[in-house]
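Report on the following structure.
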Amino acid sequence: MEFVLLGGIEVLVEGCALDLGPARQRCVLAALAVDAGRVVPVDRLVQRVWGDRPPQRARATLLNYLSRLRFLLVDPNTDARKTVIARRSGGYALDVERSAVDLFRFRELCVRARAGDDRQAVRLLQQALELWRGEALTGIAGDWAAVERDRLHDQHLAAECDLTDVRLRLGHGEDLVAPLSARTAQRPLDEHVAAQLMLALHRAGRTSDALAHYRRLRDRLVDELGTEPGTALRDLHRRILDADPSLLPHPVTTGDSSAVVVPVPRQLPAPPPSFTGRGTELARLDEVLGAQPDKDAPPPGTGTTVMISAIGGAGGIGKTCLALAWAHRNTERFPDGQLFTDLRGFDPTEQPVTPDAALFGFLTALGVVPDRIPTDPHARSALYRSLVAGRRMLVVLDNAATADQVVPLLPGSPTCGVLVTGRTGLASLIDRHGAHHLKLDVLTRHEATALLSARLGTSRTTAEPDAVDELVELGGGYPLALSITARNAVTRPGIPLAEVAAELRELGLETLDHNTDPTASLPTVLSWSLRRLTDEQRAVFALLGIAPGPDTTLPAVAALTDLPPARARKALTALEEASLLERRPGGRYAMHDLVRAYAATTGHELPEDMRKAALVRVVDFHLHTAFAADRLLNPHGPLLRPNPPAPGVHPHPLPDAGVALAWLETEHATLLATQRAAAALGRHDVVWHFTWALDTFHLRRGHLRDALAGWRAALDAAVHLPDPTIRSRTHRSLGNICSVSDLHEEATKHLEQALDLATRDHNTAEQAHTHEALAAAWARQGDDRQALDNARHALDLYRALGQPSWEADALNQVGWYAARLGALDIARDHCQAALTLHRQHDNPDGEAATLDSLGFIAHRTGEHLGAIDRYHQSLALYRTLGNTYEIADTLDNLGHPHAALGEHTQARETWQEALDLYREQGRDEDVERVRRQLGDLVKATGVERSD
């Protein structure tokens, strides 16, 4: 049974708390426990519980409380029901060993600490202070409780001061500054605490702060008490002014000046508050730094180097937080101490810390008297390595800019661990010293949500989950951005999170800026990463911010920047080293959205003519490469060349149709963004040619929404272009994509406009193309007769033009609509003629379409095996072309002859594949139709569906 007074009043039995009843009943127990083992008279108990003016029935009520407690507190170590509250002559006693009460264990540990050596005292005082779970006697009121609480608080403070004195004697300094600052704020006139803080500040290299604290305390003592500081504090002030070396941790010599007893440095700054996530990264650091060899073990095998983890990442990504979080969680793995220095590699106002200065700080922390520190840099580094040799120490080198800053600070002993943080990759650390590189990425969505919950409180985040989701989305998992957002919300508790999210959505980086504190401003923190870049590299960074598309490639960057590929690659590598850019598979480069937004702000600071020229070049690069890709995919289409590219721009080479299709697939989002950039530049001809170049790809891949948006943009652009043929083609193409998208009324309007313009312009080819498009449009509306008439018009016009490849398209179209109308012989003859022409002119796309038609005709005539063969030939060609839109239709057609032959499994698998493609392409009507076909198959055969 354990009695707890140093916090809330509790009784624990095998770790479980008993219900001690109301506050006065718990006060009775406390009044007995503070004198455990001794008799407390009844009158004294009454006075402790009710004060000097107890109620009339106080004694009766007291006895009632005691009776309940005696029944509750049965000694668990005896068989009989022996209570631990015993009635004695004149009063009552808590009949337990004093060690059962945490207050007496605390006092015993403090007594033993004062009698032992300093290292033992540290351990005992830490154990004593760990017994405190909060303010003593929490939960009870009254004069006695208040007086006792103050008395115990003084004992707690005395123990803390004793522990600090011991740690100062052992050489600590910087690690005590934070807790002593807090203690000073609580007891501003306590000269003992003030002396401790001054000494800790002096040892931390903050002598000016120590002297300033003395001046503030002296002024306050004079103003408020009319007295000067005491002799001890005045003496410490004088010794600090005189730079008394005895104030610093110093070696204990034994005849040989090199024999030293080194203190244990504890230089880690406070752990980051509300640290969340990073489980993978912490596990990686455990793997790399956790398994430190025992200092008494034999030396490791050859090739073993210092365990270093260089944590890279852009400013504000959380490198220092991760390093400190891991270091604080693993201090026991480094019992010989932890060294820390901020190398200020990217500080906006101060020069980076030199290795010599950092070594001076490390050596004094290790007990070397300042006048014994060598002036020669190599000797200074050698002494440092000697002092840490064989010791299990952790060295944290924060904010390193170059490997030259770091290398002199590396221990030579494999028993030490080193954490290096920096915004650059520090490649030579990896190459020469075997460093393990850990590049930080943004937080996951779950980690980002946890960070906001930790900063804002779960009650506030659970009340507005949608707003939290939007804040996480807008913050992009960037720790500093999320922290700034949380600070904005915390400092305005009356503002709903939805309003904070709206502000971030509308203002972007502006809400993440701070006018007075640069470390609390994301744009400012990011700007520090640019300081070590060349002018050319900074210009590349700025231009990447305004370049269209979510990512880019080296050839596109060369066009954007007008740099030779080798120099462009060097600039990209520098930005990647500075963690401002990420290299992704396939030779692609991307920025985090917030880094890109900052780059865009710097891009808009460039001269306008420079920005415009860069955008013109990159737009031309993508347009002319897309044009070349389209010619490979659709070599028989009309040849409509865009204007020549800007000087020095060379399209990306595409050797064949397969490479062209892969390039278009990869660059699709960038191409759409580039078309929008061309529109913003007022380059109407480029906007139109982009849509034309992407049309085949869009139709083959089923990107109907993108095709529709593209042709509507092209129609807007065509108004500004002088060529009437462009307007006719645009209406025709927009009408075609409207028809494919089931926008039949709009499709008819545009196609009729196209035909009218082509007729007025006497453009036979455009008339033929438009009749072909009208045929397809009427067929989609279910009017195969109108479709056949238009297809025949197109066929006659193509023959008049002497265009056999276009004639073959029209022949197949006539055959298809004739088959749908039941004229199967006519259909077969036209499709066979189309197939011959397509093969003669090497048009695999037209050949695939015609084979699909012949498969349909064979199925309608009962030749199901022939139909299956034709469909498979068509599919093989479409798959080679990557035409997933037509693959879906041909699969849909193929399922019917399989079903007719009783091949139900093949029919189901074929329709299932078609269904999946229709879903991907957003073709809802086709999805429902195929689902019905699968449903009918289940009813007829019992074959299960998989959808």
Side-chain angles (χ1 to χ4, degrees), residues 1-111 128 131-158:
M1 189 176 294
E2 180 184 354
F3 293 81
V4 176
L5 300 178
L6 304 180
I9 298 170
E10 291 182 325
V11 176
L12 306 177
V13 178
E14 296 182 353
C16 297
L18 301 179
D19 183 359
L20 298 177
R24 289 199 190 279
Q25 186 167 298
R26 284 182 280 120
C27 186
V28 171
L29 179 62
L32 292 170
V34 296
D35 285 313
R38 292 188 298 191
V39 176
V40 182
V42 172
D43 289 344
R44 190 177 302 168
L45 285 174
V46 170
Q47 193 274 334
R48 287 179 177 179
V49 176
W50 284 281
D52 295 332
R53 295 182 179 180
Q56 288 185 353
R57 296 185 51 80
R59 292 178 68 91
T61 305
L62 174 65
L63 294 175
N64 190 30
Y65 287 150
L66 287 166
S67 177
R68 292 177 189 173
L69 289 170
R70 294 183 73 197
F71 179 80
L72 182 67
L73 303 178
V74 175
D75 189 344
N77 297 316
T78 61
D79 295 332
R81 293 186 58 81
K82 178 186 176 184
T83 181
V84 298
I85 296 180
R87 179 171 177 79
R88 296 284 189 266
S89 177
Y92 291 85
L94 185 64
D95 194 8
V96 296
E97 294 291 335
R98 289 199 164 193
S99 60
V101 182
D102 59 356
L103 170 60
F104 292 99
R105 292 203 305 278
F106 165 75
R107 290 170 175 168
E108 174 64 20
L109 287 167
C110 291
V111 170
L131 292 172
W132 285 73
R133 307 179 187 185
E135 189 177 45
L137 305 181
T138 299
I140 62 174
D143 294 341
W144 171 79
V147 171
E148 189 71 15
R149 192 177 292 119
D150 290 343
R151 187 165 65 91
L152 295 176
H153 177 72
D154 289 342
Q155 294 177 20
H156 179 264
L157 180 63

Pairs in or reaching into residues 132-153: which pass ring pair (Phe, Tyr, Trp, His ring centres under 6.0 Å), with residues at least two apart or in two chains?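 Output for this query lists Phe106-Trp132, Trp132-His156.
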What distance separates [X] [atom1] from [Y] [atom2], expressed to the nearest 0.5 Å?
X      : Y     : atom1 : atom2 : result
Glu2   : Ser99 : CD    : OG    : 10.0 Å
Leu20  : Gln25 : CG    : CD    : 7.5 Å
Thr138 : Arg26 : OG1   : CZ    : 10.0 Å
Leu29  : Leu69 : CG    : CG    : 6.0 Å
Leu73  : Ile85 : CG    : CD1   : 5.0 Å
Ser67  : Leu72 : OG    : CG    : 11.0 Å

Minimum heavy-atom separation for [X] to [Y], with atom names?
X      : Y     : result
Ala31  : Leu45 : CB-CD2, 3.7 Å
Ala58  : Val46 : CB-CG1, 4.0 Å
Phe104 : Ala33 : CE1-O, 3.2 Å
Gly139 : Ala23 : O-CB, 3.8 Å

Carefully, step by step, assess Leu137 and Glu148 under the rule side chain to side chain contact (heavy atoms under 4.5 Å, CB included). CA-CA 8 Å; Leu137 305 181; Glu148 189 71 15; 3.7 Å; yes
Report the C-alpha separation of Phe3 and Leu94 in whole Å, then their side-chain angles, then the decisive distance to 0.1 Å, and conclude whether the side chain to side chain contact (heavy atoms under 4.5 Å, CB included) test is met. CA-CA 10 Å; Phe3 293 81; Leu94 185 64; 4.0 Å; yes
By the salt bridge (charged side-chain N to carboxylate O under 4.0 Å, His left out) test, which pairs, at least two apart or in different chains, include something from residues 31-48?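 For residues 31-48: Asp35-Arg38, Asp35-Arg48, Asp43-Arg59.
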Take Val39 and Tyr92 through the test side chain to side chain contact (heavy atoms under 4.5 Å, CB included) and record every step on the way to the result. CA-CA 5 Å; Val39 176; Tyr92 291 85; over 6 Å; no
Test item: [X] and [Y] side chains (from C-beta on) under 4.5 Å apart, heavy atoms:
X      : Y      : answer
Leu109 : Leu131 : yes
Val11  : Met1   : yes
Val4   : Val101 : no

Test your reading of the model: is there a side-chain donor-acceptor pair from Arg149 to the backbone of Ala136, 3.5 Å cut-off?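 Yes; judged by distance alone, with no hydrogens or angles, the pair exists.
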Side-chain donor/acceptor of Glu10 to backbone N/O of Leu5, under 3.5 Å: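 No.
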Residues that Arg107 engages under side-chain hydrogen bond (donor to acceptor under 3.5 Å, both in side chains), provided they are two or more places apart: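 For Arg107 the side-chain hydrogen bond (donor to acceptor under 3.5 Å, both in side chains) partners, ignoring immediate neighbours, are Gln155.
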Is Asn64 atom CG crowded by more than 12 heavy atoms from other residues, nucleotides or ligands, each under 6.0 Å away?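 Yes, because the 6.0 Å sphere around CG of Asn64 holds more than 12 heavy atoms from other groups.
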Give a yes or no on this: more than 12 heavy atoms of other residues, nucleotides or ligands lie within 6.0 Å of atom CG of Asp52.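 No, because the 6.0 Å sphere around CG of Asp52 holds 12 heavy atoms or fewer from other groups.
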Show the numbers, then the answer: is there a side chain to side chain contact (heavy atoms under 4.5 Å, CB included) between Arg88 and Asp95? CA-CA 10 Å; Arg88 296 284 189 266; Asp95 194 8; 3.5 Å; yes
Are Arg105 and Glu97 within salt-bridge range, i.e. N to O under 4.0 Å?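 Salt bridge: no.
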